[in-house]
Amino acid sequence: MPGKLLVFEGVEGCGKSTQLQILHAALLKHDSLQQLQRRSLISQVLATREPGGTELGLGLRQLLLGDRGGASMASRAELLLYAADRAQHVEEVIKPALAEGCWVLCDRFIDSTVAYQGYGRGLDLGLIDQLNQVATGGLVPDLTLWLRLDAEVGLARTRQRGAADRMEQANLAFHQRVQGGFEALAQQHPDRVVAIDAVGSVEAVAAEIFAVVEGYLQQWYAPSLTA
Ligand code: TMP
């Protein structure tokens, strides 16, 4: 009973963490999903995130986003810390959950490294693919919900939330390159990356996400749902 990996991606302030929580709550009371759980075709629905989905990852998240990392953190050190977080997360949380038949909702995954460290920092994309491969053992999301929002609008939203973390402090040009990275990824992987217009209200975006996920659920489990 292998599960499914659903990932939320996007620039700062795109609303993915809020939307992940809303989808999580909606799935827990979703008829079709409950039906599949009763038939033991899906186990639990689990919410997790990167960086910081494990004990080790929480420490790495502090280093990556807190003040101790400092503006002087080398891009390759940053890349390796994100990869270390992912390796631990996949080993300890994601793979066992998928093996058990869970749906795993993950706030950021491999595409964030391509967008931020590849397009944003300018590190070699081939190297990043190799590191992602090492960290995940080749695991790719079944579905990536990319919340598409202008980088400037997103950054303005995060500034309203209060103090910016180390990544948010990077300049607008960096975040625009990151956004370009997500655009490129969506073009390269139309099989798994779905763009969601993140400009509208929280409710409107949540409805669009739910409709997309519902479509995939029907597609993945069609024989069992109609039986
Ligand atoms: P968030 O959890 O609030 O989205 O913060 C995570 C930050 O880390 C965000 O700025 C994106 C960044 N990040 C990378 O730069 N590379 C990565 O591989 C991941 C997972 C996150």
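Read the numbers this way: they start at 1 and go in the same order the structure lists the ligands and their atoms.
Here Leu46 contributes atom CG and Leu105 contributes atom CG; the two are 7.5 Å apart, rounded to the nearest 0.5 Å.
When each atom of ligand 1 is checked for a heavy atom of Thr113 under 4.0 Å away, the hits are 17 (C), 18 (O). When each atom of ligand 1 is checked for a heavy atom of Met167 under 4.0 Å away, the hits are 10 (O), 15 (O).
Residue, atom and distance of the protein heavy atom nearest to atom 10 (O) of ligand 1 are Glu12 OE2, 2.6 Å. In terms of protein heavy-atom proximity, atom 15 (O) of ligand 1 is nearest to Gln117 NE2, 2.9 Å. Atom 7 (C) of ligand 1 has Leu65 CD2, 3.8 Å as its closest protein atom, hydrogens excluded (heavy atom only). At the top of the distance list for atom 20 (C) of ligand 1, counting protein heavy atoms only, stands Arg86 NH2, 3.5 Å. The nearest protein atom to atom 4 (O) of ligand 1, hydrogens excluded, is given as Arg108 NE, 2.6 Å; this is a heavy-atom distance.
Of all the heavy atoms of Lys16, the ones lying under 4.0 Å from any atom of ligand 1 belong exclusively to the side chain. Residue-level proximity to ligand 1 for Arg61 is carried by the side chain, the only part with a heavy atom below 4.0 angstrom. Under 4.0 Å from ligand 1, not a single heavy atom of Glu168 appears.
Counting all heavy atoms, side chain and backbone alike, Glu9 lies closest to Ile110 at OE2-N, 4.3 Å.
When only modelled atom types and interatomic distance are considered, Ser75 and Gln117 share no side-chain donor-acceptor pair under 3.5 Å. A donor-acceptor contact closer than 3.5 angstrom is absent between the side chains of Gln187 and Glu183. A donor and an acceptor atom, one from each side chain of Thr144 and His189, are nowhere located under 3.5 Å apart. For Tyr116 and Arg108, the side-chain atoms include at least one donor-acceptor pair closer than 3.5 Å.
Under a 4.5 Å side-chain heavy-atom cut-off, the cluster of Ile, Leu, Val, Met, Phe, Trp and Tyr residues that includes Ile22 is completed by Val202.
Taking any N or O of Tyr82, backbone or side chain, at least one lies under 3.5 Å from an N or O belonging to ligand 1.
Legend: ring pair (Phe, Tyr, Trp, His ring centres under 6.0 Å) pairs involving residues 22-41, not counting sequence neighbours, sorted by first then second residue: His30-Phe210.
In this structure, Asp107 does not count as a contact residue of ligand 1, since none of its heavy atoms falls inside 4.0 Å of the ligand.
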